[in-house]
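This report refers to the structure that appears directly beneath it.
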Number of protein chains: 2
Amino acid sequence: MALLSKSCVYGIRAAILMAIKGERDYLSIKDIAEELNLSAHFLTKILQQLTQEGLLLSHRGPKGGVKFSRPAREIKLIEIVAAIDGLELFEACALGLHGCGTATPCPLHEKWAKHTVLLRTLFETEDLEKLASNVGDAGLRLRTLSQLDILEFNKNKKK
Amino acid sequence: MALLSKSCVYGIRAAILMAIKGERDYLSIKDIAEELNLSAHFLTKILQQLTQEGLLLSHRGPKGGVKFSRPAREIKLIEIVAAIDGLELFEACALGLHGCGTATPCPLHEKWAKHTVLLRTLFETEDLEKLASNVGDAGLRLRTLSQLDILEFNKNKKK
DNA sequence: AGTATTGAGGACTCTTTTATCCTAAACTAA
DNA sequence: TTAGTTTAGGATAAAAGAGTCCTCAATACT
Ligand code: SF4
Ligand code: SF4
């Protein structure tokens, strides 16, 4: 199982791209979707959730689009996750039992609890500006590599 | 999103219970399912996967059931996960991109990679015997608490 | 042999996630 | 005002996950 839902991953990718593109103007969702190679309709739905949570401002019509409601530096990764997938990931127990960690913790409890704290800290620490600058620095990518891209990469590797 | 699929969680719970019950005799899946409050049919399917992977031995007919093919001490949690959910969890990247960590790692790569190693180590370290003995020592539970159980617990807590 | 028990495995249903499509509403610009 | 653009949001479809049900094959016991 994936850690994050696809919606959440798409949302994060879009947010990072938005942080790269700059925070001043509204960016059209269609453009973002094209650049990320995603369905524009689907991405619209996802970003709507971020808008409803107050992370984004949206504007209709020409020159419309979405932009951050706060500086990218202040937006932590966990806020995107919380808006789309919720915080379950950081709160739920490994074995899916309820009422946990209170009276009768399960065998894994102690180690698991430490781990979720680490995970949460990771997501609470990373902000969009930092992630965006990493992408810039290292020429990193946000799009899925297509089969062709991978072939291309392997070819270059062999040289 | 949950870390592990429900099938996987059920498989782990069943495995821990089996380790508690003892490794000598075949245990009937129906009994295990009842004790864990799960659908017997569904659990049968799940344990079949463990049998096919060689983790369990199964035996049909009266006195039949399943038992570990090796001592519980030697069976690590990750083997159960690998048999049911696969190792994707420990190998996949946070942003769901393919061909990662090779030429063009994504923004999160470094921190994320460290984290998956930690997670994997946790699952590789814990064996069924240890988990089972933890349960025994502390009177822990493997069943989901029903609403009634939770009410009961809160009542006791108030006293 | 006959019968009851138990896992194997296929068919099917239900739910959630993922994705697509269409229309409405808000907006810009000419 | 009109035409075109862009988000909002509902309806629908496709795919995957979760769960149920039924039949078959293997086994033990009488
Ligand atoms: S006791 Fe801890 S590890 Fe166990 S189910 Fe509860 S929260 Fe999860
Ligand atoms: S570079 Fe690392 S974090 Fe990024 S998608 Fe690949 S494996 Fe995941």
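Labels below follow one simple rule: chain letters A, B, ... track the order of the sequence lines, proteins then strands, and each chain is numbered from 1.
Here D:dT7 presents its C1' atom at 14 Å from CG of A:Leu50, a figure rounded to the nearest Å. Put simply, CZ on B:Arg60 is 6 Å from C1' on C:dG7, counting in whole angstrom units. As a whole-Å value, the separation of B:Leu43 CG from D:dC21 P is 16 Å. The nearest whole Å value for the distance from the CZ atom in B:Phe42 to the P atom in D:dC22 is 18 Å. Atom pair B:Ile46:CD1 and C:dG7:P shows a separation of 14 Å (rounding to whole Å applied). In this structure, CG of B:Leu56 is placed 15 Å from C1' of C:dT6, rounded to the nearest angstrom. Separating the CD atom of A:Glu53 from the C1' atom of D:dA8 is a distance of 16 Å, rounded to the nearest angstrom.
Contact annotation: A:Tyr10 reaches the phosphate of C:dA19 (side-chain N/O to OP1 or OP2, under 4.0 Å). In terms of phosphate contacts, B:Gln52 brings a side-chain nitrogen or oxygen within less than 4.0 Å of OP1 or OP2 of C:dG9. The phosphate of D:dA8 (OP1 or OP2) has a side-chain N or O of A:Ser58 nearer than 4.0 angstrom. When the side-chain nitrogen and oxygen atoms of A:His59 are compared with OP1 and OP2 of C:dT28, one or more of them lie within a distance under 4.0 Å.
Comparing C:dT20, D:dC29, D:dT20 against the side chain of A:His41 picks out C:dT20 as the nearest. For A:Lys63, the side-chain atoms get nearest to C:dT28 when compared with the rest of C:dT28, D:dA25, C:dA25. For A:Thr51, taking side-chain heavy atoms from C-beta onward, the closest of the listed nucleotides C:dT18, D:dA8, D:dT20 is D:dA8.
Here the CD1 atom belonging to B:Ile84 is positioned 9.5 Å from the CD atom belonging to B:Glu53, to the nearest 0.5 angstrom. Note that CG of B:Leu38 is 10.0 Å distant from CD1 of B:Ile32, once rounded to the nearest 0.5 Å.
The residue among A:Val66 and B:Lys6 whose nearest nucleotide of DNA chain D is located toward the 5' end is A:Val66. Residue-to-nucleotide proximity on DNA chain C shows that, of A:Pro62 and B:Gln48, the 5′-proximal contact is made by B:Gln48.
The side-chain heavy atoms of B:Leu47 and B:Val66, taken from C-beta on, include a pair separated by under 4.5 Å.
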For a quick test of your reading: what N or O donor-acceptor pairs under 3.5 Å do the side chains of residues 1-12 of chain A make, sequence neighbours left out?
unit_1 : atom_1 : unit_2  : atom_2 : d
A:Ser5 : OG     : A:Cys8  : N      : 3.1
A:Ser5 : OG     : A:Asp85 : OD1    : 2.6
A:Ser5 : OG     : A:Asp85 : OD2    : 3.4

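Looking at B:Lys45, its side chain has no donor and acceptor atom pair within 3.5 Å of the base of C:dG7.
Residue pairs meeting the side chain to side chain donor-acceptor pair (under 3.5 Å) criterion with at least one member in residues 71-80 of chain B, sequence neighbours excluded: B:Arg70-B:Glu79, B:Arg73-B:Glu129.
Note on A:Gln49: nothing from the nucleic acid sits closer than 4.0 angstrom, heavy atoms only.
Residues A:Tyr26 and A:Lys63 approach most closely at CB-O, 3.7 Å, considering heavy atoms.
When hydrophobic clusters are built by joining Ile, Leu, Val, Met, Phe, Trp and Tyr residues whose side-chain heavy atoms come closer than 4.5 Å, directly or via intermediates, B:Leu118 is not grouped with B:Leu122.
Residues from residues 23-33 of chain B lying near DNA chain D, meaning a heavy-atom separation below 4.0 Å, are absent.
Counting non-hydrogen atoms of other residues, nucleotides and ligands closer than 6.0 Å to NZ of A:Lys21 gives a total of 12 or fewer.
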